[in-house]
Amino acid sequence: MSEEEKSLNFIEHIIEDDLSSGFPKDKLRFRFPPEPNGYLHIGHASSICLNFGLGLRYNSPVNLRFDDTNPAKEEQEYVDAIKRDVDWLGFSWDAEVYASDYFQQLYDWAVELIKNGKAYVDSQSAEVIATQKGTPTQDGENSPFRDRTVEENLALFSEMKEGKYKEGEHVLRAKIDMTSSNMLMRDPLMYRILHKPHHRTNTDWCIYPMYDWTHGESDYLEQVSHSFCTLEFAMHRELYDWFLDQVTVDTKVRPKQREFARRNFSHTVVSKRKLLQLVEEEVVTGWDDPRMPTISGLRRKGYTANAIRNFANTIGIAKRENVVDVSLLEFSIREDLNKIAPRVMAVLNPVKLVITNYPDGEEEWLDAENNPGDDNAGYRKVPFSKELYIEKEDFKEEANKKFFRLKLGGEVRLKNGYIIKAESCTKDAEGNIIEIQCTYDPKSKSGSGTEESLRKVKGTLHWVSIKHAIASEVRLYDRLFNDETPDQHKDKDFMEFVNPESLKVITGFVEPSLKTAKVEDIFQFQRIGYFNIDKDSTAEKLVFNKTVGLRDTWAKLQQK
RNA sequence: UGGUCCAUGGUGUAAUUGGUAACACACCGGUUUUUGGUACCGACAUUCAAGGUUCGAGUCCUUGUGGACCAACCA
């Protein structure tokens, strides 16, 4: 990562400004505050890299805080998954904290607010309260319970906590201003009754604090100096500050909320609700399905933490609306994998090729370079024999000279092997080519140094020896949605755009060196793309995921 | 009809805080190559619009236009 000459984003400018106006650098503290109601996705990666990146940049602590104030949606499974993903991304948090750690403190503070006449118990239904709120262009009206006495409020609130009421019977509201132009300031709810066990506090509580009442106070309790969230919380800032006003003391750091635009990505959705829907309706196999934009899905698909971090840094942070093109993500993973992935040969769409002048039954083990860009990567042996598979699309009976691959009468080099010449082919009744016959030049062996071996032929093909190849399951993924912005249509549901062909499972033939490959090992199938070993692999059958294809200028040429 | 925020090439960001538009991706063209990969070279915007302030404006002001967000006992 090039941390050096990078220009600052607006968040970093804010911090620099605070520092230059006297804020002590050692008081800087950040946090990443997910709600454990789903798995982390690529959008979170931006927030994670922002907050933890700031921690690294200023050498400041960063808390991992779970915003667990709604037991109806939250689960331990998600807590575990989130920790796993942040850790995998390569970041370490200073403290693992939970909003639920502060339930008692929050309660005590709420009691203070009541005593100060800043909060009251409302006993109306959700519907009535909503109606009284008015609209953005129309003032709200006060609740008839707004002027309950402090004593009455205290008693009611205490009884709410003790479990004397059913859900919905009472709520605690902050007493602010029902005519504010900011809807959130119209006496927002602080507590609601929820008779649901919490994944950490179990049944200790039956009243739960709302987000607004919790978040700023949690930041304050942890002495977080800068609290960054997405733009949809911009309106909440006024309330965040109001709540802080009720509890802060001068000697402590007063947290500052600032907002940045969430990242949108083309051809996918990043909303936990929608991702959950994909899982529940079994459009995908789970949160870690390789087609999912989740961190765990990307990891399973073969993405590296390094690539994701680079990607997040590349797209940066700003305040404007955006749709990040997937090609940027694909570039990041190719860039990383190109450096580290060992090259191997695999044929995914095979056609038989017979070398008629190669001795029957003979085999030889050729040297193959593991990574041409890495001098230390070394060589491995790949078996060669009379009968091989090559890709169907690498042969044509006839073709123009733009086609560098094999055609009748034409020559091509078999990667790491010999130069061959196609002589004839045989077809089945439907006219499909089922076998290609060719001859080889025995003196043209790669690396042999002979004059023949140095000859230049335009095309080079990958191949596998049929006798030695390992038949494997290969999972090819396409984008999950056919539309560029599936959830930006006012009149259509994003589920309408699900790509029915997002997964294709085929049998491919890989070179025998892959026999010992382990789960998550990643390779470049030369001339095809990057593939890793899926966790579904067994000793009997290897299962590969396609991570991403190689850049394919030939495909572009063909389209013209 | 109220309020808040935003507007730089196809995409995402930058611009020493008023000093003459930069980086990456994509696209197009080329060189190299035993991966049509990689690497390398080149081309590609005068900053939503109109006024204004200024020697000088992407940066400041005004007015428009366009977009996002705000009325969950969600976060």
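Naming convention: chains lettered A, B, ... in sequence-line order (proteins, then strands); numbering from 1 in each chain. Please read these numbers as outputs of a predicted model, since none were measured by experiment.
Candidate nucleotides U13(B), C73(B), G2(B) were compared by shortest atom distance to the side chain of S181(A), and G2(B) ranks first. Between A75(B), C27(B), U35(B), one nucleotide has an atom nearer to the side chain of K556(A) than all others, and that is C27(B). Nearest nucleotide to the Y211(A) side chain, out of U11(B), A75(B), G2(B): A75(B). Picking from C70(B), C74(B), A75(B) the nucleotide with the shortest atom distance to the side chain of M183(A) gives C70(B). When the nucleotides A75(B), G36(B), U11(B) are ranked by their closest atom to the side chain of D325(A), U11(B) comes out on top. Nearest to the side-chain atoms of E321(A) among the listed nucleotides C74(B), A14(B), G67(B) stands G67(B). Among U13(B), C74(B), C25(B), the nucleotide with an atom closest to any side-chain atom of S327(A) is C25(B). Listed nucleotides A14(B), U13(B), A75(B) differ in distance to R263(A); the shortest reach to its side chain belongs to U13(B). Here the side chain of N338(A) is nearest to one of A71(B), G36(B), U38(B), namely U38(B).
Atom P of nucleotide C73(B) and atom CG of L156(A) are separated by 19 Å, given to the nearest angstrom. Rounded to an integer number of Å, the gap from CG of N310(A) to P of C25(B) is 12 Å. Atom CG in N313(A) sits about 15 Å away from atom P in A24(B), given to the nearest Å. Between L276(A) atom CG and A75(B) atom P the separation is 16 Å, expressed in whole Å. As a whole-Å value, the separation of M235(A) CE from A71(B) P is 10 Å.
The phosphate of U38(B) has OP1 or OP2 within less than 4.0 Å of a side-chain N or O from R551(A). Side-chain nitrogen and oxygen atoms of K319(A) include at least one within less than 4.0 Å of the OP1 or OP2 phosphate oxygen of C6(B). Put simply, R334(A) has no side-chain N or O that comes within less than 4.0 Å of OP1 or OP2 on U38(B). Side-chain nitrogen and oxygen atoms of T69(A) include at least one within less than 4.0 Å of the OP1 or OP2 phosphate oxygen of A75(B). For U34(B), one of the phosphate oxygens OP1 or OP2 lies less than 4.0 angstrom from a side-chain nitrogen or oxygen of K456(A). Residue R192(A) places at least one side-chain N or O closer than 4.0 Å to OP1 or OP2 of C74(B). The side chain of S7(A) contributes no N or O atom lying less than 4.0 Å from OP1 or OP2 of U13(B).
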What's touching nucleotides 17-23 of chain B from the protein side, N or O pairs under 3.5 Å?
from	atom 1	to	atom 2	distance (Å)
U17(B)	O4	H13(A)	ND1	2.9

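Annotation: cation-pi geometry satisfied between K161(A) and W205(A) (NZ/CZ under 6.0 angstrom from ring centroid, within 45° of ring axis). The cationic atom of K546(A) (NZ for Lys, CZ for Arg) does not lie both less than 6.0 Å from the six-membered ring centre of Y530(A) and within 45° of the ring axis.
Ring-centre distance between F404(A) and W554(A): not below the 6.0 Å cut-off.
Side-chain polar atoms of D68(A) and S100(A) form a donor-acceptor pair below 3.5 angstrom.
Comparing the P positions of U31(B) and G67(B) gives an interatomic distance of 46 Å, to the nearest angstrom. Distance noted for atom P between C55(B) and U13(B): 36 Å (whole Å). Taking atom C1' on both A71(B) and A14(B), the two are 38 Å apart, rounded to the nearest angstrom. Distance check on atom P: C6(B) versus C60(B) gives 11 Å, rounded to whole Å. The P atoms of C44(B) and A7(B) are separated by 27 Å, rounded to the nearest whole Å. Taking atom C1' on both U47(B) and A21(B), the two are 8 Å apart, rounded to the nearest angstrom. Nucleotides C61(B) and G19(B) have their P atoms positioned 16 Å apart, rounded to a whole Å. With P as the reference atom, A15(B) and U20(B) are 14 Å apart, rounded to whole Å.
Between H44(A) and F32(A), the ring planes are perpendicular. Angles over 60° get that label, and only those under 30° would be called parallel.
Taking the 5.5 Å centre cut-off and the 30° plane limit, the aromatic side chain of F331(A) is not classed as stacked on A24(B).
Consecutive Watson-Crick or G-U pairs involving RNA chain B, each under 3.5 Å on both distances, make up stems of three or more pairs at B:2-7 with B:65-70, B:10-13 with B:22-25, B:28-31 with B:39-42, B:48-52 with B:60-64.
Side-chain N or O atoms of N51(A) include none that pairs as donor or acceptor with a backbone N or O of F30(A) at under 3.5 Å.
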